[in-house]
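Just so you know, these numbers come straight off a predicted model, no measurement behind them. A, B, ... follow the sequence lines: proteins, then strands. Residue 1 opens every chain.
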Amino acid sequence: MVLGIVNRKPLNREPMNHHLISIYEFLLKEYGPQGWWPLLGCSGRKATPKGWVVGYHPGDYELPRTRSQVFEVCLGAILTQNTGWPQVEMALRRLQASGCLDAERIWQMEIEDLKEAIRPCGYFNQKAKKVKIFTEYFLDLDRNRPPAREELLSLWGIGPETADSMLLYAFRVPTFVIDAYTRRILTSLGIADEKSSYHDLKTLFEQSLPRDFILYQEYHALLVEHAKRFYQKKSESDSRLPCPLARLLS
DNA sequence: TTCCAGGCAATAC
DNA sequence: GTATTGCATGGA
């Protein structure tokens, strides 16, 4: 259950949370547009007159442009399950180096070769199987419309976060992505409960914000960036910098 | 050396 | 239905 509506029924009121708007405005002002999802061909920081911009392709919301870029985003969404992006990038580059960053090529690949290529991102036995299953599905997709969420969820290896990441960043469908970082931030701020479900949190964001895929993309990316700075698990809570959002909402 | 990272499915209660 | 466990690598 989400805090803020604990002691009364929502009645006709949507569980709008104005804090979520304030948080977004703060993060955007603080870090600027993040330009997610990362693509090998459009990676890195861009130089601007004021210095380096954090983010992958900030301001370009036409990406992914090509069918192969759409596939690359989906592939990354699977490979990054419980794994840091630098390791996923390694895996993607190994596929690219052998000319296999491509749905048809992966479909043709021997599973053992696929495992070897994606080894750096961990869980390679499971992930190779997931990638194979998804690739077969992808090749049969109707190119004129995005896949249905339920259909993605029915594939072995694709859970709610992976499905939503694909929909939001590959197919530009306005569906909010909840991840470990988002959960950590909301719980810490007291906006969500420790045992809020994926669906609870997703619904909270979607009912509090205009239904806009660019907004959803930026917001999720900003939460990840913020969590990396203030919510690292490794550093003890004492040695961690105080999160500025706590003061913003007080 | 140990802990962690942009989850998920299988299994156990 | 909810809680726990296995999956695996490279970086801090």
Of all the nucleotides listed (B:dA10, C:dT9, B:dG7), which has the minimum atom distance to the side chain of A:Trp156? B:dA10
Give one of base, sugar-phosphate or nothing for A:Ile158, where a contact means two heavy atoms less than 4.0 Å apart. sugar-phosphate
Any side-chain N or O of A:Arg184 under 4.0 Å from OP1/OP2 of B:dC4? no
Would you say the side chains of A:His220 and A:Asp164 form a donor-acceptor pair under 3.5 Å? no
Under 4.0 Å between any heavy atoms, over every strand shown, what does A:Glu161 touch: base, sugar-phosphate, or nothing? Just pick one. sugar-phosphate
Any idea which of C:dA8, C:dG10, B:dG7 is nearest the A:Gln87 side chain? C:dG10
Would you call A:Asp193 and A:Arg183 a salt bridge, using N to O less than 4.0 angstrom? no
Between A:Leu153 and A:Trp85, name the one whose nearest nucleotide on DNA chain B is closer to the 5' end. A:Trp85
Taking the same atom, P, in C:dG10 and in B:dC8, what whole-Å distance lies between them? 23 Å
Less than 3.5 Å apart, any donor N or O on the side chain of A:Tyr31 or A:Glu218 sitting next to an acceptor on the other? no
The nucleotide from C:dT9, C:dG11, B:dC8 with an atom nearest the side chain of A:Thr162 is B:dC8
Backbone N/O of A:Pro64 and side chain of A:Arg172: donor-acceptor pair under 3.5 Å: no
Does C:dC7 have its OP1 or OP2 closer than 4.0 Å to a side-chain nitrogen or oxygen of A:Asn82? no
Position toward the 5' end of DNA chain C (nearest nucleotide), A:Thr83 or A:Pro86: A:Thr83
With heavy atoms under 4.0 Å as the rule, sort A:Pro160 into base, sugar-phosphate or nothing. sugar-phosphate
Looking only at heavy atoms, which two atoms of A:Ile78 and A:Phe134 are closest? And how far apart? CD1-CB, 3.7 Å
Contact class for A:Tyr123 vs. all strands (heavy atom < 4.0 Å): base, sugar-phosphate, or nothing? base
What is the separation between atom CD on A:Gln232 and atom P on C:dA12, rounded to the nearest whole Å? 11 Å
Please give, in whole Å, the distance from C:dT9 P to A:Met90 CE? 12 Å
Answer with base, sugar-phosphate or nothing: what part of the nucleic acid does A:Arg183 contact at a heavy-atom distance below 4.0 Å? nothing
Contact class for A:Leu223 vs. all strands (heavy atom < 4.0 Å): base, sugar-phosphate, or nothing? nothing
Given C:dA8, B:dC4, C:dG10, identify the nucleotide with an atom nearest to the side chain of A:Lys233. B:dC4
